[in-house]
Amino acid sequence: MKKLIMSVIPVLVMAFCLTGCDDSFDDSSAASTELLLTVKLPDEAAGATLTDESLSVRNVSTGREQTYSYTEGIVLLPGLYDFTYEATLRLPSGAESTLRAAATSVRVLGSSAAICLEGYYNIESDDLIIAEVFFSGTIRNSGNQYHGDDYIKLYNNTDHVIYADGLTIFESKFTTTAKYEHTPDIMNEAMNVQALYTVPGSGTDHPVAPGEYFLICDTGIDHRVANPNSFDLSGADFEWYDVSTSPDNMDIDSPLVPNMDKWYCYTLSYWVLHNRGFKAYGIARIPVDRDTYLKDYTYHYDWIIVSAAGTFPMTADSYKIPNEWIVDVVNCSVASEYAWNLCAPSLDCGWTSCGTIDKDKTRYFHSVRRKMLRLNDDGNPVLKDTNNSSADFNPDCIASEIELQGTAMDADGTPCTVITYDGVVPVDRSRSPRWPMTSRKF
């Protein structure tokens, strides 16, 4: 969803009472901190009223979380906190929506802490959305990891044809597991990215019908030839391909699947999705050509490494994508290592995962898949899209291509015998005889 332009309206100082007391949050000691929360509303919400306000507060260090409702005050112990705010927003026109705001890894210190959250509310998406990210990969019978069968699956959640021509997939530069103090901080304006690949076309070459999937993969081959525990991607819509400058790490250019246009990638060999899920992935509509983008949208920033050996100032260069160009973002992480989100909350205020700890061996063969809300009259899923990956995605699902092809779902080669809409809800053939719809060649 596109980022709404924000403006400050009269401050709403929120103080919330504890709905379930927990001494790690509500503390009356001299070392405690009073929370003063300010919510900044969008321009479009001028004159709106708010009801049913709630604030979720999560202690990053302990993982403990509490929900507060609108009342007299919050007192917290000093530390790092994640804040997620929601309220029912009623516009002067009478229309209602859900106002949301969020911030991650916010340092709360001193006698009081003033926290300003930028509020936003969702508009209906009129473009493709990310339905699935398969980053964990498969493994061989030997237990060794196999590379090349990662993919991103898009979906047309609307009631009309959308063309994939010109759509760019991208990967974040930062990781969700290490928060760096960096300047300038452009997160409320743009995303810091390190890989961009674009679907070619004149504008109407690659139609995606309502309820249809669009599969973009790493390598468009039948991976079962090299790894019997993998699956066939030779019918994918597109693959990303890199001309490697490393003779020992050459990419495979499938003759069966067309290549995306490579705009930029940080690696000198070939790009694969982060197989532990430490990145954010997104899609964007970039309204300028490749040369203009590479010239005008560089991002230079300074950041600091803090380690046992000392503090080291660093500088880096990458590229940025303005938030208004971004169509959809999914932050991926792992519970034991999660530190922060890599985009503005208006794009994604949550995150999803495969596995619960770093290098979790249970993550293989699993993906993150967008939840189904209901079936429409054509028997196609209507997928959930609230710009909150924690709420919108089912984590740790058997990958959809494994389900559809009935291939191995573990290192022992056990075939998958269940097909679901979203990794959880089984397919009802009486209502969805033609599901899944796809633009693929098989």
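Using a cut-off of 4.0 Å between Lys/Arg side-chain N and Asp/Glu carboxylate O, Arg276 and Asp358 are scored as salt-bridged. Ion pair Asp396/Arg363 not flagged as a salt bridge, since none of the NZ, NE, NH1 or NH2 atoms sits closer than 4.0 Å to an Asp/Glu carboxylate oxygen. Checked for salt-bridge contact, Arg370 and Asp385 meet the test: a charged N lies under 4.0 Å from a carboxylate O.
When atom types are taken as modelled, the side chain of Asp52 and the backbone of Thr88 share no donor-acceptor pair closer than 3.5 angstrom. Proximity of a side-chain donor or acceptor of Thr158 to a complementary backbone N or O of His160 within less than 3.5 Å is detected. In this structure, the side chain of Ser244 engages the main chain of Asn249 through a donor-acceptor pair within 3.5 Å. A donor-acceptor pair under 3.5 Å links the side-chain atoms of Thr176 to the main chain of Cys332, judged by distance alone. In this structure, Asp360 contributes its side chain and Thr356 its backbone to a donor-acceptor pair below 3.5 Å. The backbone N or O of Ala280 lies less than 3.5 Å from a partner atom in the side chain of Ser172, making a donor-acceptor pair. Counting only distance, with no hydrogens or angles, the side chain of Asp251 and the backbone of Asp242 share a donor-acceptor pair below 3.5 Å. For Asp218 (side chain) and Val272 (main-chain N/O), no donor-acceptor pair under 3.5 Å exists by modelled atom type.
Atom CG of Asp410 sits about 8.0 Å away from atom CD1 of Ile398, to the nearest 0.5 Å.
Of the N and O atoms on the side chains of Asn331 and Asp348, at least one donor lies less than 3.5 Å from an acceptor on the other residue. With hydrogens and angles left out, the side-chain atoms of Glu239 and Thr219 include no donor and acceptor closer than 3.5 Å. For Ser69 and Glu53, the side-chain atoms include no donor-acceptor pair closer than 3.5 Å. Side-chain atoms of Ser318 and Gln194 include no donor-acceptor pair closer than 3.5 Å. Of the N and O atoms on the side chains of Thr414 and Asp412, not one donor lies less than 3.5 Å from an acceptor on the other residue.
Classification of the Tyr151-Phe231 ring pair by plane angle, with boundaries at 30° and 60°, yields perpendicular. Relative orientation of the Trp351 and Tyr338 rings is parallel, given thresholds of 30° and 60° on the angle between their planes. Using cut-offs of 30° and 60° for the angle between ring planes, the Tyr293 and Trp263 rings count as tilted. Ring-plane geometry between His223 and Tyr146 is classed as perpendicular, the angle between the planes exceeding 60 degrees on a 0 to 90 degree scale with a lower cut at 30.
You'll find the ring centres of Phe174 and Trp303 outside the 6.0 Å limit. Between Phe238 and His206, the gap from one ring centroid to the other is short of 6.0 Å. In this structure, Tyr85 has its ring center no closer than 6.0 Å to that of Tyr120. In this structure, Tyr299 has its ring center at least 6.0 angstrom away from the ring center of Tyr319.
Judged by the 6.0 Å and 45° rule, Lys262 forms no cation-pi pair with Tyr197.
In summary, of the residues considered (Asp126, Asp127, Asp165), a salt bridge (charged side-chain N to carboxylate O under 4.0 Å, His left out) with Arg285 occurs for Asp127 alone.
More than 12 heavy atoms of other residues, nucleotides or ligands shown are found within 6.0 angstrom of CZ on Arg429.
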Go through Lys320 and Glu189 one step at a time and tell me if the salt bridge (charged side-chain N to carboxylate O under 4.0 Å, His left out) criterion holds.
-> CA-CA 9 Å; Lys320 61 185 178 181; Glu189 303 169 6; over 6 Å; no

Given Ser389 and Asp392, is the side-chain hydrogen bond (donor to acceptor under 3.5 Å, both in side chains) satisfied, shown in steps?
-> CA-CA 5 Å; Ser389 290; Asp392 292 348; 5.8 Å; no

Verify side-chain contact (heavy atoms from CB on, under 4.5 Å) between Ser346 and Glu118, making sure each step is shown before the conclusion.
-> CA-CA 9 Å; Ser346 57; Glu118 293 201 22; over 6 Å; no

Take Arg290 and Asp261, measure what side-chain contact (heavy atoms from CB on, under 4.5 Å) needs, and give me the verdict at the end.
-> CA-CA 9 Å; Arg290 177 182 180 274; Asp261 291 337; over 6 Å; no

